[in-house]
Structure formats: C-alpha cells, structure tokens
Amino acid sequence: MEITRREAIAATMAAPFVIGADQAGPSAHVKVNTTHTRGPIDRKIFGNFIEHLGRCIDGGVFQEGSPLSDHEGFRKDVMAAVRGLEVPILRWPGGNFSSNYDWMDGIGPRNKRPRRLEMAWGTVETNRFGTHEFLDYVARIGTEPYICVNLGTGSWVEAQRWVEYVNCGLDTAVTRMRKKNGRAKPWKVTYWGLGNEMDGPWQMGHRTAEDYGKFALEAAKLMKLTDPSIKLVAAGASNFRPGADWVGWNRTVIDWLKDYADYISMHLYVGNHDNDYAEFLASSLDMDQRIETLAGDIAKAMAGRTDGRKLYIAFDEYNVWYRARGPQQRGRNILEEHYNLEDALVVATMLNSLVNHADVVKIANMAQLVNVIAPIFTNDRGLYLQTIYYPLQLFAANVKGESLVLAIDAPSYKSQRFDGVPLVDASGSVDGGSLTLNLVNRSRDRLMPVAIELEDKQFAGPLTVSEVNGPDIKSENDFGKTLVRTVTRGESASRGAMSLNLPPHSFAQVRGRLA
C-alpha cells in the first residue's frame, strides 16, 4: 500500500512543544504496518566520497612510506575502518578537484606522472593516486566505483576516452595504454558523473544551466556510445546562496539531459554557526524539502513517457560542515572538522531523510571518507572514529529491503525556519522477516518514552537496540578518547508492541525479527 509523503509528514505533527524545558516530557507513539511502504531501499544511499583535497587521499586513504601502509601505499588501518562502514559506492576524484583534472596525468608509472598545480584547493597534485589506484582500492574494500569526469576545463573527448580506457574491451589505442599500464581486462565501471557543482560560481568551468545542459548532453552521448551500459549522473543544484535559482537550474538540466542521464545530483552541507542546538537539529527538514522539490520537477518532466525511462536523485555530497570553512581553507591540512554528538545526531536525521525518500533517492555519498569532513580521522601513528561514523555504520549494516511509511505521533517544537519539528525523527525498513527502526531524540535534556506498535505483525522475540550517545551534545572523540560510540543491548517485546525510553540527545536503532 503506497502512502504519500504529505500524509506521512502530517502524521508527525503534534502540539507545539518547547525543546529543552525542565519538566517531564510527553511520550511518542510509532505505528508500523509492514504493508505501508514507499519503495525499495538502494544500499547505494549509504555511500561515501574521496577527493584530492587536504589529507583525504594523501595522508588518509593513501600514504606511501608509512609503516601503517601496504606495499601499494594504502593505509591498512584506514582500510579496516572503511570496511567497517560497508561502503556500497565510492565517488572520486571530486568534488571541485575534478573540474581541472586530466585523468591522463594519473596513469602510467607513478614516478613518471607529472606534478600539477592544483587550483581548487591550492596545492601541488602529485598524481600518484590515479585511476588504477582508485579502482584497485574499491576492489579491496568491496565497493562500487563512481567516477566524476571533468566537465569544467575538460572536453567531451577527454570524458569519452576515460570511459573507453576504463570500460572498453576492444583493441584500440586507448585500451592499449591501459594494457601497457598493467590492466588487461576492463573494469566496467557503471556510474559516471557529468561534472561537479557546475551551477557554482566557485567552480572552474562554471556555466549557466543552459550552457551546462548543452555541453553535458554531448558528453553524455559520446560516453554512452562508448559504453551503453553506463549510468550517468547530471550535475544538479549545489548553489543555495541568496539570489541563486537552484530550482530553475535543476529544471533546465533535466530538460536537456532527461533522455541520457539516469540521475540528477544534489548537494547539501549544514552547520551550527549560531550555536543554536534546536535549530541545528532541524537541518534535515531542509534536505526533505529539497528532495521533494526536485522529485516533483522530475515527475513533471518524465510524465507521459512510454519508454519506461526513469530519472532518480543522487544526493552525492552531504554532511555537517561549517567550522573548517572559508576562503582561508587552502593547502594540505584543511577542512578537518572535529565532530561532536550533535553533529552525529544531525547526520542520523539526514540518513533518515534519505531512507524516507527511498523511492526517488537511489545514490547518496557522505562527504568525505577520511580526515576531510569525515567519519575517520588519522595521524601518522593511527586513527580514531569520529562521532558521525557510528550512525552511518548502523544504517549501512542494517537498513535494507523496503522503506516503511511510519505513523508517528510525537511532540514538536517551532524553530526559526520550521513550524513543526518532531522531537522524535524516525525511519524504518522491512527486509523479509526483519524490521529496523531508526529513532533520533532531538531533545537536549528530555528522555522520550516511545511506544512502538506493530499493526499487522508480531515480534518473534527479543529486540536489539543500538544506541549512539555521549555525556553531552558537545562531546567529541579524539586519539585515545572515545566519548561517543555505539552501545548495544537487548530489549523485550510483547507480541506486537514494545516500549523504549530514548535518552536525551540520542540516536537508537531497533532491530528485530517478525513472526
């Protein structure tokens, strides 16, 4: 049974409630009917992203000469932490970096590759990590590669030949280069991005929506003529600055590329500039609104088609990012956010948003994977897991199957931007006989009793609850200090119901078998 998103949102609205008051709080009620689904969850929504930026790749994923690295230069401790995230898809090489990247610089013997001025982030790019290294890395961690081509300063032919180099099995001058460089068989990469953030004036090769649409269309034609099996991601909105027409950008790009693109991207970074916890915890409602706006434009553009062609959303950059930001962020040690508990809670609500739009969002990539606004942070001696690692790990490991439309009755509060922000933010999934519920208590100091009721099933036994929390909302992890982590416990259930106390400022994932 299909339930509309509008009906689901309406079910979450309750009487206005002041967040952070001292009196005992009311309870929340979550009703689950496993026939009320919105569509299958594509595991690629729990993906990640690496860019030639700061210490993400050089000093993070890849550190030649380090005692912590293998013979290829891959950090073994980082690889283990990455495997712990069960990354389903990894985007590379950018990001802004991709808009001036010549992929030919990153092939051939490492010691003969050219050093180039890297203008996106103000460094020198050694090119010692290129196409072969990236595709070797994704094979080692067991993930799907997603390559973003240069449609900034690059040409149609460069994009086409990169697809040919990576995917073609025929005998050509380009594939002979690949074989000479040690790879006989093609990798057959499915996912390719048609440039990055081309709506942003900060982007090298920035164009108007019309000019980008025309340019990307010709690149798409050549790329799909080279390999018709590939899936293409058009560069959707990333510029939400005052005066930017992000809706118009998306509509124009869709009009130009709807016959060739399989996805259109969207980016969103959020932050707590004003140190306003309640406002910050409402950030995922921005994600909801932008997804739903874009989904409506897609539906309008694709209405009436009889060929079965679909266009989905790839939310291929999102995260909390506001401390390490600004024009001064240039060079090697940049964009190194140190995350706290409130950041992890916001990430959990953004992951809920992705699950709750599983019918239209089929790819998502947290930016980024290591050191740079990342869940994993390293130095030359080791690493630690940032607070945002834990919700992403739980979602990636356990959320699968069908996305559920939950009926939620919970108190809400009014923020500066939104009239009704539910104190309990939730998503759910059912996979055969397994149920997973993801619950965030947005309240800073209220315990929230939650009654969970199954309308069409019964629990088959005890449940597992994995909770991410810490001493307070500003708690951070660091080398040798883990204040925020996942703690797992068992909980009992009575046939079709269970009660759960959500501590203040916490994320809990509830998992169980259904009879």
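Classification of Asp419 and Lys414 as a salt-bridged pair holds, one side-chain N sitting under 4.0 Å from a carboxylate O. Using a cut-off of 4.0 Å between Lys/Arg side-chain N and Asp/Glu carboxylate O, Lys362 and Asp262 are scored as not salt-bridged. Taking 4.0 Å as the cut-off between side-chain N and carboxylate O, Arg489 and Glu467 count as a salt-bridged pair.
Put simply, the side chain of Glu51 gets close to the backbone of Asn96: a donor and an acceptor are under 3.5 Å apart. Judged by distance alone, with hydrogens and angles left aside, the side-chain atoms of Asp343 form a donor-acceptor pair with the main-chain N or O of Asn340 at under 3.5 Å. Using modelled atom types, one side-chain atom of Trp192 and one backbone atom of Val189 make a donor-acceptor pair closer than 3.5 Å. Gln386 places a side-chain N or O within 3.5 Å of a backbone atom of Tyr339 that can act as its donor or acceptor partner. Listed for the His29 side chain is no donor-acceptor partner under 3.5 Å among the backbone atoms of Asp409. With hydrogens and angles disregarded, a donor-acceptor distance shorter than 3.5 Å links the side chain of Ser403 to the backbone of Val355. Trp249 contributes no side-chain N or O that, together with a main-chain N or O of Thr252, makes up a donor-acceptor pair within less than 3.5 Å. Proximity of a side-chain donor or acceptor of Thr436 to a complementary backbone N or O of Val399 within less than 3.5 Å is not detected. With hydrogens and angles ignored, the 3.5 Å screen pairs no side-chain donor or acceptor of Glu453 with any backbone N or O of Val30. Looking only at distances, no side-chain donor or acceptor of Gln458 sits under 3.5 Å from a matching main-chain atom of Leu514.
Inspection of the Asp425 and Thr349 side chains reveals no N or O donor paired with an N or O acceptor under 3.5 Å. Side-chain atoms of Asn441 and Ser443 include no donor-acceptor pair closer than 3.5 Å. A donor-acceptor pair shorter than 3.5 Å cannot be found between the side chains of Ser434 and Arg511. Remark: the Ser284 side chain and the Arg442 side chain contain an N/O donor-acceptor pair separated by less than 3.5 Å. Between the side chains of Glu292 and His357, at least one donor N or O lies within less than 3.5 Å of an accepting N or O. Judged by distance alone, the side chains of Ser353 and Asp288 do bring a donor and an acceptor atom under 3.5 Å apart. Neither side chain, Glu317 nor Asn365, offers a donor N or O lying under 3.5 Å from an acceptor on the other. Inspection of the Gln416 and Asp276 side chains reveals an N or O donor paired with an N or O acceptor under 3.5 Å. Side chains of Lys44 and Tyr146: a donor-acceptor N/O pair is absent below 3.5 angstrom, by distance only. In the model, Ser466 has a side-chain atom that pairs as donor or acceptor with a side-chain atom of Thr488 under 3.5 Å.
Scanning all heavy atoms of the two residues, the minimum distance from Ala261 to Arg309 falls at O-NH1, 2.6 Å. Among all heavy-atom pairs drawn from Leu454 and Leu435, the shortest one is CD2-CD2, 3.8 Å. For the residue pair Val424 and Val450, the shortest heavy atom distance occurs at CG2-CG2, 4.4 Å. Closest approach of Asn398 and Gln509 over heavy atoms only: ND2-OE1, 2.8 Å. Of all non-hydrogen atoms in Phe479 and Tyr384, the two that sit nearest each other are N-CD2, 3.5 Å. Nearest heavy-atom pair across Gly470 and Ser475 is C-OG, 4.2 Å.
For the atom pair CG of Leu439 and CG of Leu437, the computed distance is 6.0 Å after rounding to the nearest 0.5 Å. One distance of note links CG of Leu394 with CG of Leu351; it measures 10.0 Å at 0.5 Å rounding. Atom OH of residue Tyr269 and atom NE2 of residue His267 lie 6.5 Å apart, to the nearest 0.5 angstrom. Distance check: Tyr318 OH to Met266 CE gives 15.0 Å after rounding to the nearest 0.5 Å. To the nearest 0.5 Å, the span separating CD1 on Ile41 from CG on Leu354 amounts to 10.5 Å. To the nearest 0.5 angstrom, Leu90 atom CG is 6.0 Å from Thr143 atom OG1.
Legend: residues meeting side-chain contact (heavy atoms from CB on, under 4.5 Å) with Ser98, ordered by chain and number and at least two apart, are Pro93, Cys148, Asn196.
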How far apart are the C-alpha atoms of Val82 and Leu369, what are their side-chain angles, what is the distance that settles it, and do they pass the side chain to side chain contact (heavy atoms under 4.5 Å, CB included) test? CA-CA 8 Å; Val82 171; Leu369 187 58; 3.7 Å; yes
One pair to check against salt bridge (Lys or Arg N to Asp or Glu O under 4.0 Å): Lys400 and Asp42. What are the steps and the verdict? CA-CA 8 Å; Lys400 58 191 72 174; Asp42 193 320; over 6 Å; no
Go through it in stages, so that I can follow the logic: the residues are Ile298 and Ile254, the test is side chain to side chain contact (heavy atoms under 4.5 Å, CB included), and I'd like the CA-CA distance, side-chain angles, deciding distance and then a yes or no. CA-CA 7 Å; Ile298 291 172; Ile254 291 169; 3.8 Å; yes
Carefully, step by step, assess Phe280 and Asp274 under the rule side chain to side chain contact (heavy atoms under 4.5 Å, CB included). CA-CA 9 Å; Phe280 185 37; Asp274 299 325; over 6 Å; no
Chi angles and distances behind the side chain to side chain contact (heavy atoms under 4.5 Å, CB included) call for Met366, Leu392: CA-CA 9 Å; Met366 176 186 280; Leu392 180 60; 3.8 Å; yes
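Between Phe377 and His338, the ring center distance clears the sub-6.0 Å criterion. Remark: aromatic rings of Phe395 and Tyr390 are distant, center separation not under 6.0 Å. Between Trp92 and Tyr137, the ring center distance fails the sub-6.0 Å criterion.
Judged by the 6.0 Å and 45° rule, Arg91 forms a cation-pi pair with Phe49. For the pair Arg325 and Trp321, the cation-pi criterion (under 6.0 Å, within 45° of the ring axis) is fulfilled.
No more than 12 heavy atoms of other residues, nucleotides or ligands shown are found within 6.0 angstrom of NZ on Lys300. Residue-environment remark: CZ (Arg417) exceeds the threshold of 12 foreign heavy atoms within 6.0 Å.
When side chains are defined from C-beta on, Thr387 does not count as touching Glu342, because their heavy atoms never get closer than 4.5 Å. A heavy-atom distance below 4.5 Å is not found between the side chains of Pro462 and Glu491. Contact check for Phe315 versus Met350: no side-chain heavy atoms found under the 4.5 Å cut-off. Between Pro471 and His505, every side-chain heavy-atom pair lies at or beyond the 4.5 Å cut-off. The side-chain heavy atoms of Tyr389 and Val347, taken from C-beta on, include no pair separated by under 4.5 Å. A heavy-atom distance below 4.5 Å is not found between the side chains of Pro504 and Arg446. For the pair Leu500/Met498, a side-chain contact is recorded, criterion being any heavy-atom separation below 4.5 Å from C-beta on. Counting heavy atoms from C-beta on, the side chains of Val421 and Leu281 never come closer than 4.5 Å.
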Could you list the donor-acceptor pairs under 3.5 angstrom formed between side-chain atoms of residues 237-248 and any protein atom two or more places apart in sequence or on another chain?
| unit_1 | atom_1 | unit_2 | atom_2 | d |
| --- | --- | --- | --- | --- |
| Ser238 | OG | Asp199 | OD1 | 2.6 |
| Asn239 | OD1 | Arg241 | N | 3.2 |
| Asp245 | OD1 | Gly248 | N | 2.8 |

